[in-house]
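Each remark here refers to the structure printed beneath this line.
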Protein chains: 2
Amino acid sequence: MGRDEFIDACKQVGLNVTYQRIAIFNKLMEHTDHPSADDIYKEVRQDYPTISLATVYKTLETLAKHDLISKVTYLHDIARYDGTSEAHHHLVCIKCKKIIDIDSNALDAIGIPAGVPGNFRILNYRVQFDGICESCESASTEQE
Amino acid sequence: MGRDEFIDACKQVGLNVTYQRIAIFNKLMEHTDHPSADDIYKEVRQDYPTISLATVYKTLETLAKHDLISKVTYLHDIARYDGTSEAHHHLVCIKCKKIIDIDSNALDAIGIPAGVPGNFRILNYRVQFDGICESCESASTEQE
DNA sequence: TTATAATTAATAATGATTATTAAAAAAGAA
DNA sequence: TTCTTTTTTAATAATCATTATTAATTATAA
C-alpha cells in the first residue's frame, strides 16, 4: 500500500489523516524486516524530533486494529510454555489467546517449499491457525 | 514425557533433579492450554507455598534451554509490526530474531487440514519457519 | 468562527521478566 | 561422614516494554 492508498484507507475507516500517522506508516513500509515500535520511533524522530514513543506505540496499535498494518507477534505479551519440545502446530483464539495443539500428519508433511531462501538453515516449522474459539464465538453472538 | 522420563532427561543434560523442577514440570504437563509462568506459579504455590515466581521463570527458561519443554511464544519479548495486513508466512532466525517474509503459493494452498477442531472459526493461518540466518551461521562458525 | 471531538506529547504507572544476592541444598572429595 | 565447592532457590530490587493519564494541540463539524 502506497502513501495515497494509505490516506484513502484511513479515511475509509474513519481515522484522521495526520502527519504522524503518515510518517509512521511510511517508515514501516520502508522496512522488510518487521521492526519494533522503538525502531520506528528512532527513525521517525530523525525527521520529526518532537514525536513521542507513546505516539508511535499508539499509532501502530491503532493502524493494526483497523487492519491497515499488522502485528507479526500478536501473542507477544506473555510468554507461554509447552510441555513438549517437539515442534507442532497450534490453533490460537485471537480473542482469549487460548492456544490449542493440532496433531496433523498433513501439516507435518508440508516440508520446505520453494520461495524459502537457501541461505537459511531451517530447523523446523510450525503452522499457526488464528481464529475464534467456541466460547468466544458464543460470547459475542449473545450480544446481538 | 512422564515424571520418570523427566528425571532421566534432567540427568542426561546435567541438571540437578530438584523438587521445584519436578513440581513445575508436572504442572506444565497437566495443562493442554500452554500456560504462562504466572499460571504455573499460582498452581505450584498451592502445594509448595514458599516457591518464588522468579524460580518458576528461571526453571521454565532453564528447561526450555535444554529442550525438555518449549516456549510457544519465543518471539514474545518485543512487538514486531508488518506493513501489510494480509496473512503471509515468515522465516525467523532463532538467534537474532530477524523476520523475513516468504512468498509461497504452496504454503498459501495448504488449507485447513483434518485434525483441526470444527468448533473453531478459523480466519487465517501462517507458517513460521525457525532457523539460523546466514549472518548468524557464519558468526558461529567463526568461533571454531 | 466556535464548539466538539480526536489526536498528540510528555510523563507516570503498570506489569512481565531479569538481575542480584544471600541462604539452602546438592554434589564431590577426603 | 565431614568439609568444600558448586548449583539452586527465595526474596527482592531493578529493568524495560507497554499502557494509562492528562493537558495541550489539532482537526472536524456546525
- Among D:dT8, C:dA9, C:dT18, which nucleotide sits nearest the side chain of B:Glu61? C:dT18
- Query: Should we count CG of B:Asn119 as having more than 12 external heavy atoms under 6.0 Å?
  - Reply: yes
- Just checking A:Tyr48: base, sugar-phosphate only, or nothing, at a heavy-atom cut-off of under 4.0 Å? sugar-phosphate
- Query: Taking atom C1' of D:dT28 as reference, at what distance in whole Å does atom NZ of A:Lys11 sit?
  - Reply: 13 Å
- Just checking B:Thr50: base, sugar-phosphate only, or nothing, at a heavy-atom cut-off of under 4.0 Å? sugar-phosphate
- Item | Spacing between B:Ile24 atom CD1 and D:dA10 atom C1', to the nearest angstrom | 12 Å
- Query: Quick one: B:Asp38 CG to C:dA16 C1', roughly how many Å, whole number?
  - Reply: 9 Å
- Establish, with yes or no, whether the OP1 or OP2 oxygen of D:dT9 is under 4.0 angstrom from a side-chain nitrogen or oxygen of B:Ser52. no
- Return the value, rounded to whole Å, for the distance between atom CD of B:Gln20 and atom C1' of C:dA24. 10 Å
- Message: Without decimals, in angstroms, what is the distance between B:Lys58 NZ and D:dA10 P?
- Response: 12 Å
- Which pair of heavy atoms, one from B:Leu68 and one from B:Cys10, lies closest together, and at what distance? CD1-SG, 4.1 Å
- Item | Nearest-angstrom distance from the residue atom CZ of A:Arg21 to C1' of C:dA6 | 8 Å
- Task: Look at the aromatic rings of A:Tyr48 and A:Tyr19 and report parallel, tilted or perpendicular, splitting at 30° and 60°.
- Result: tilted
- Message: Let me check the geometry of the helix from C:dT1-D:dA30 to C:dA30-D:dT1. What is the bend angle between the axes at its two ends, five pairs each, to 10°?
- Response: 30°
- Salt bridge A:Glu137-A:Lys95, side-chain N to carboxylate O under 4.0 Å: no
- Query: Taking the nucleotide of DNA chain D with the closest heavy atom to each, which residue, B:Ala54 or B:Thr18, is nearer the 5' end?
  - Reply: B:Thr18
- Message: Has B:His31 got a side-chain atom pairing as donor or acceptor with B:Leu28's backbone, closer than 3.5 angstrom?
- Response: no
- Item | d(CG, A:Leu15; C1', D:dA27) in whole Å | 13 Å
- Query: Which nucleotide in the set C:dT11, D:dT9, C:dT17 lies at the smallest distance from any side-chain heavy atom of B:Thr59?
  - Reply: D:dT9
- Note on the structure: A:Tyr57 atom OH is separated from C:dT11 atom C1', nearest whole Å, by 15 Å
- Item | Qualifying residue, where the test is side-chain hydrogen bond (donor to acceptor under 3.5 Å, both in side chains) with A:His88 and the options are A:Asp108, A:Asp82, A:Asn124 | A:Asp82
- Item | Of B:Asn16 and A:Leu53, the one whose closest DNA chain D nucleotide lies more 5' | B:Asn16
- Query: Is any side-chain N or O of B:His76 closer than 4.0 Å to OP1 or OP2 of C:dT17?
  - Reply: yes
- Note on the structure: Of B:Val17 and A:Tyr19, the one whose closest nucleotide on DNA chain C sits nearer the 5' end is A:Tyr19
- Item | A:Asp130 side chain reached by A:Leu91 side chain, heavy atoms, under 4.5 Å | no
